[in-house]
Amino acid sequence: NNELDHRKLESALFRDHGIIALRRSLAQLGEAGVVSEALRRGGSASLGPRALLVDGHEITVAYFRTGYWPGHYTPSAACWAAREAIEASDAVKCPSALAQLAGMKKVQQLLAAPATLRRFLPEVVTARAR
C-alpha cells in the first residue's frame with residue numbers, strides 16, 4: 001500500500017501550488033452525482049460543458065485506486081454511473097477505462113488467442129506468436 005506516498009504528494013501539491021486533492025470512492029461519487037446537470041447543458045463562463053465537479057471543486061485528474069475488478073463497483077448502479085460520468089468528462093483519467101480493461105489478465109488472454117491475433121495481425125506475425 002503506497003497511501004503514505006500519495007499523502008506526501010497531496011501535501012506538497014497543496015503547500016507548493018494550492019492544489020487540493022480529494023479522495024472519494026466510486027460509491028461516494030455515485031451517491032453525490034459527480035457532474036452538474038447545469039454544466040451538461042452548456043457550461044458556464046469558467047467551466048466547460050464536460051467539467052467534472054465533486055463537492056463544488058472542478059476535478060482535472062481522476063486517479064483510480066479502485067475499479068480494477070467488478071467487485072469494486074458495489075453498489076453497481078451508483079458506481080457505474082460515477083465511472084461513466086468521469087469517463088465522459090474532460091478530466092484526465094489515470095487509467096482510462098480502456099487502458100484499465102486492456103490491463104486485465106482475462107482481456108489480455110482473450111486478445112492473445114490465435115483467432116483474435118489472426119483478425120488483427122498478418123499471418124506472418126501470428127505464425128511467429130505460436
Side-chain angles (χ1 to χ4, degrees):
N1 187 346
N2 57 359
E3 183 175 344
L4 293 178
D5 293 335
H6 289 203
R7 295 288 184 185
K8 287 180 188 177
L9 289 170
E10 290 172 16
S11 177
L13 282 170
F14 183 73
R15 181 186 66 242
D16 299 343
H17 305 284
I19 296 172
I20 298 169
L22 303 175
R23 287 177 174 263
R24 300 292 184 273
S25 69
L26 288 169
Q28 290 170 322
L29 292 173
E31 291 168 10
V34 294
V35 177
S36 164
E37 282 301 318
L39 292 174
R40 282 189 191 172
R41 281 185 248 128
S44 69
S46 60
L47 298 174
R50 298 185 334 158
L52 181 65
L53 295 179
V54 174
D55 299 337
H57 299 280
E58 181 180 9
I59 305 302
T60 56
V61 177
Y63 178 75
F64 291 95
R65 303 271 303 145
T66 188
Y68 291 87
W69 191 252
H72 293 166
Y73 291 88
T74 303
S76 63
C79 293
W80 284 110
R83 182 62 188 254
E84 183 179 1
I86 293 166
E87 291 296 323
S89 77
D90 286 330
V92 173
K93 280 68 80 175
C94 183
S96 68
L98 292 176
Q100 209 167 25
L101 284 170
M104 292 181 171
K105 296 298 179 206
K106 185 61 178 177
V107 172
Q108 292 171 356
Q109 181 184 26
L110 293 170
L111 289 174
T116 305
L117 287 175
R118 281 192 297 278
R119 210 174 133 199
F120 296 106
L121 299 171
E123 184 58 37
V124 155
V125 175
T126 59
R128 278 188 263 153
R130 291 182 204 138

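Just so we're clear, the structure is a prediction, and the values are computed from it rather than from any experiment. Note that the numbering runs from 1 along the sequence shown for the chain.
Here the shortest heavy-atom pairing between A85 and L52 reads O-CD1, 4.4 Å. Contact record, G71 with T74: O-OG1, 3.3 Å, taken as the closest heavy-atom pair. Of all heavy-atom pairs spanning H72 and G67, the tightest one is ND1-N, 3.0 Å. The shortest non-hydrogen separation linking L117 to A112 is CD1-O, 3.5 Å.
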Go through the steps for L53 and E58 under the test side chain to side chain contact (heavy atoms under 4.5 Å, CB included), then give the verdict.
-> CA-CA 5 Å; L53 295 179; E58 181 180 9; 4.0 Å; yes
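Cluster partners of V92, by chain and number: V61. The rule joins Ile, Leu, Val, Met, Phe, Trp and Tyr whenever side-chain heavy atoms lie under 4.5 Å apart. Residue L111 is found in a hydrophobic cluster whose other members, listed by chain and number, are L101, M104, V107; membership requires side-chain heavy atoms under 4.5 Å apart, directly or through intermediates. Through direct or relayed side-chain contacts under 4.5 Å between Ile, Leu, Val, Met, Phe, Trp and Tyr, L110 connects to no other residue.
Residue pairs meeting the salt bridge (charged side-chain N to carboxylate O under 4.0 Å, His left out) criterion with at least one member in residues 69-79: none, sequence neighbours excluded. Among residues at least two apart or in separate chains, there is no ring pair (Phe, Tyr, Trp, His ring centres under 6.0 Å) pair with a member in residues 91-116.
When the ring pair (Phe, Tyr, Trp, His ring centres under 6.0 Å) test is applied to Y73, the partners found at least two apart in sequence or on another chain are W80. With sequence neighbours excluded, the residues that form a side chain to side chain contact (heavy atoms under 4.5 Å, CB included) with D55 are R24, H57. Listed by chain and residue number, H6 satisfy the ring pair (Phe, Tyr, Trp, His ring centres under 6.0 Å) test with Y63 (two or more places apart in sequence, or in another chain). Considering only residues two or more places apart in sequence or on other chains, A99 meets the side chain to side chain contact (heavy atoms under 4.5 Å, CB included) condition with P95, S96. With sequence neighbours excluded, no residue forms a side chain to side chain contact (heavy atoms under 4.5 Å, CB included) with A102. Here A27 pairs with S25, P75, C79 under the side chain to side chain contact (heavy atoms under 4.5 Å, CB included) rule; sequence neighbours left out.
If you take NZ on K93 and CD on Q100, they are separated by 12.5 Å, rounding to the nearest 0.5 Å. If you take CG on L26 and OG1 on T66, they are separated by 5.5 Å, rounding to the nearest 0.5 Å.
Counting non-hydrogen atoms of other residues, nucleotides and ligands closer than 6.0 Å to CD of E84 gives a total of 12 or fewer.
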Exercise answer: donor-acceptor pairs, residues 8-17 side-chain atoms, under 3.5 Å, sequence neighbours excluded:
unit_1	atom_1	unit_2	atom_2	d
E10	OE1	R7	NH1	3.4
E10	OE2	R23	NE	2.8
E10	OE2	R23	NH2	3.0

